[in-house]
Student: 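Here it is, the structure in full.
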Amino acid sequence: MLLLSLLVAASCSEPHEHTAPAINERDSVPMMRSYGVNTLISDSGVMKYRMIAERWMVNEVVNPPRWIFPRGIFMEQFDEKFHPEAYIQADTAYYYTVQKLWHLIGNVRVKTVDGLRFNSEELYWDQERHELYSNVFSKVVTPERELQGNRFTSDERMHHYSVTTAKGSFQQEDADKKKENGKDTTAVDTTPKRAPAQPRKTK
């Protein structure tokens with residue numbers, strides 16, 4: 001009789017709900033994953049870039065929101081007539097969507113149709129300011145010269161650029177020719193006053 005009473009009591013009790021700990025922001029996972037990406041990107045209604053990546057993750061939960069390319073990225077830039085102007089590639093990339101800021105890391109390579117080649121381990125691309133910059137050792141090679149330094153800044157088309165704390169040499173007449181063609185290259189030995197932009201959290 002006692003055993004029967006215990007069984008009845010057990011069957012009438014409320015079921016125990018199993019719950020997991022709350023998910024914190026630091027535990028958030030990407031909201032979207034894409035594999036084998038090959039897509040065109042427009043800017044102000046004009047097709048400007050081709051993006052190729054093995055893996056593309058979008059995380060809008062973290063602050064600031066970002067795109068993540070953990071397996072590398074390759075981007076091709078076009079002019080107004082859809083002709084290739086340059087390409088850029090890196091082992092890893094982050095794109096902060098609010099700031100429109102790219103952070104490229106590892107074996108960063110840029111090559112333009114003019115024959116300019118840029119190599120570094122890190123590069124920022126600020127699409128709001130239309131500029132590129134790096135605070136680590138960078139190397140710029142053109143058909144006329146080779147420049148190396150620990151600070152690189154440029155417009156996003158690589159027409160006007162500078163390498164600071166630079167070592168390397170080039171003839172002044174080559175620089176004058178570039179200026180005549182609307183391009184400017186400088187190798188200076190000064191410390192930049194403006195600090196580089198960094199990803200900022202949104203409110």
Side-chain angles (χ1 to χ4, degrees), residues 14-80 82 84-112 118-138 150-158 161 192-203:
E14 294 183 0
H16 178 69
E17 182 178 359
H18 297 279
T19 59
I23 297 177
N24 298 318
E25 180 177 323
R26 64 178 180 271
D27 301 321
S28 60
V29 295
M31 304 298 291
M32 184 195 80
R33 292 177 184 262
S34 298
Y35 299 90
V37 178
N38 187 341
T39 185
L40 295 172
I41 301 175
S42 62
D43 184 5
S44 301
V46 179
M47 204 64 64
K48 296 292 293 292
Y49 311 102
R50 180 192 305 276
M51 184 176 70
I52 300 174
E54 182 180 338
R55 183 179 299 177
W56 176 19
M57 300 187 295
V58 176
N59 195 331
E60 299 293 339
V61 178
V62 295
N63 197 359
R66 68 199 65 178
W67 299 351
I68 306 168
F69 302 86
R71 297 290 182 87
I73 190 172
F74 176 92
M75 285 188 290
E76 191 174 21
Q77 187 179 25
F78 304 106
D79 62 13
E80 293 79 4
F82 205 62
E85 272 194 324
Y87 77 77
I88 184 169
Q89 65 183 57
D91 290 344
T92 306
Y94 299 88
Y95 178 64
Y96 300 93
T97 55
V98 176
Q99 294 83 3
K100 294 184 178 180
L101 178 67
W102 285 93
H103 185 192
L104 306 161
I105 306 171
N107 293 313
V108 182
R109 302 287 184 267
V110 180
K111 186 175 181 180
T112 70
F118 169 88
N119 299 329
S120 185
E121 286 301 309
E122 184 178 55
L123 181 67
Y124 288 92
W125 177 9
D126 191 330
Q127 292 185 311
E128 283 284 345
R129 295 180 175 178
H130 303 287
E131 65 180 11
L132 303 165
Y133 56 88
S134 177
N135 292 315
V136 301
F137 178 79
S138 303
N150 296 323
R151 169 71 178 170
F152 169 82
T153 58
S154 173
D155 66 305
E156 61 185 8
R157 295 196 175 195
M158 289 283 198
Y161 59 87
K193 296 180 180 179
R194 185 179 64 81
Q198 296 294 333
R200 62 182 184 277
K201 291 186 177 182
T202 57
K203 295 181 179 180

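Note: hydrogens, waters and symmetry copies are ignored here, and every other heavy atom, side chains too, is used. Computed from a predicted structure; not experimentally measured.
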Student: Within a strict 4.5 Å, meaning less than it, do heavy atoms of the L132 and M158 side chains meet?
Tutor: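 L132 vs M158: side chains touch.
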Student: What closest approach, in Å, do N59 and V62 show between heavy atoms, and which atom pair accounts for it?
Tutor: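 Smallest interatomic distance, heavy atoms only, reads OD1-N, 3.3 Å.
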Student: Show your reasoning for whether side-chain contact (heavy atoms from CB on, under 4.5 Å) applies to D155 and Y161.
Tutor: CA-CA 7 Å; D155 66 305; Y161 59 87; 5.6 Å; no
Student: What pairs with F78 under ring-ring contact (aromatic ring centres under 6.0 Å, His included), at least two apart in sequence or on another chain?
Tutor: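 ring-ring contact (aromatic ring centres under 6.0 Å, His included) list for F78, sorted by chain: F82.
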Student: Between S138 (side chain only) and V136 (backbone N and O only), is there a donor and an acceptor less than 3.5 Å apart?
Tutor: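 Side chain of S138 to backbone of V136: a pair is present.
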Student: For S134 and E122, indicate whether the former's side chain and the latter's backbone hold a donor-acceptor pair under 3.5 Å.
Tutor: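 Pair found, side chain donor or acceptor close to backbone of E122.
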Student: Return the minimal non-hydrogen interatomic distance between E121 and V108, and the atom names on each side.
Tutor: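 For E121 versus V108, the nearest heavy atoms are C-CG2, 4.0 Å.
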Student: Using the rule given for side-chain contact (heavy atoms from CB on, under 4.5 Å), can you reason through M47 versus L40, listing the C-alpha separation, both sets of side-chain angles and the distance that settles it, and then say yes or no?
Tutor: CA-CA 7 Å; M47 204 64 64; L40 295 172; 3.4 Å; yes
Student: Roughly how far, to the nearest 0.5 Å, is CD1 of I68 from OH of Y96?
Tutor: 8.0 Å
Student: Residues two or more places apart in sequence or in another chain: which of them pass side-chain hydrogen bond (donor to acceptor under 3.5 Å, both in side chains) with Q127?
Tutor: Y95
Student: Determine, using ring centers only, whether F152 and F118 are less than 6.0 Å apart.
Tutor: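 Between F152 and F118, which both carry aromatic rings, the centre distance is below 6.0 Å.
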Student: Which label fits Y124 and Y133: parallel for a plane angle under 30°, tilted from 30 to 60°, or perpendicular past 60°?
Tutor: parallel
Student: For residues 49-58, which side-chain N or O atoms pair as donor and acceptor with protein atoms under 3.5 Å away, sequence neighbours left out?
Tutor:
residue : atom : partner : partner atom : Å
E54     : OE2  : R71     : NH1          : 3.1

Student: side-chain contact (heavy atoms from CB on, under 4.5 Å) for E128 and L101? Distances and angles first, verdict last.
Tutor: CA-CA 8 Å; E128 283 284 345; L101 178 67; over 6 Å; no
Student: Which residues satisfy the side-chain hydrogen bond (donor to acceptor under 3.5 Å, both in side chains) test with Q77, sequence neighbours excluded?
Tutor: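 For Q77, no residue satisfies side-chain hydrogen bond (donor to acceptor under 3.5 Å, both in side chains) once neighbours in sequence are set aside.
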Student: Any side-chain heavy atom of M75 sitting closer than 4.5 Å to one from W125?
Tutor: yes
Student: State, yes or no, whether a side-chain contact exists between S154 and E156 at a heavy-atom distance under 4.5 Å.
Tutor: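 They are not in contact (no side-chain heavy atoms under 4.5 Å apart), so the answer is no.
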Student: Return all side-chain donor-acceptor pairs below 3.5 angstrom for residues 84-94, not counting sequence neighbours, or 'none' if the list is empty.
Tutor:
residue : atom : partner : partner atom : Å
E85     : OE2  : R157    : NH1          : 3.3
D91     : OD2  : N107    : ND2          : 2.7

Student: Supply the atom-to-atom distance N135 CG to L123 CG, rounded to the nearest 0.5 angstrom.
Tutor: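 One finds 10.0 Å between CG of N135 and CG of L123.
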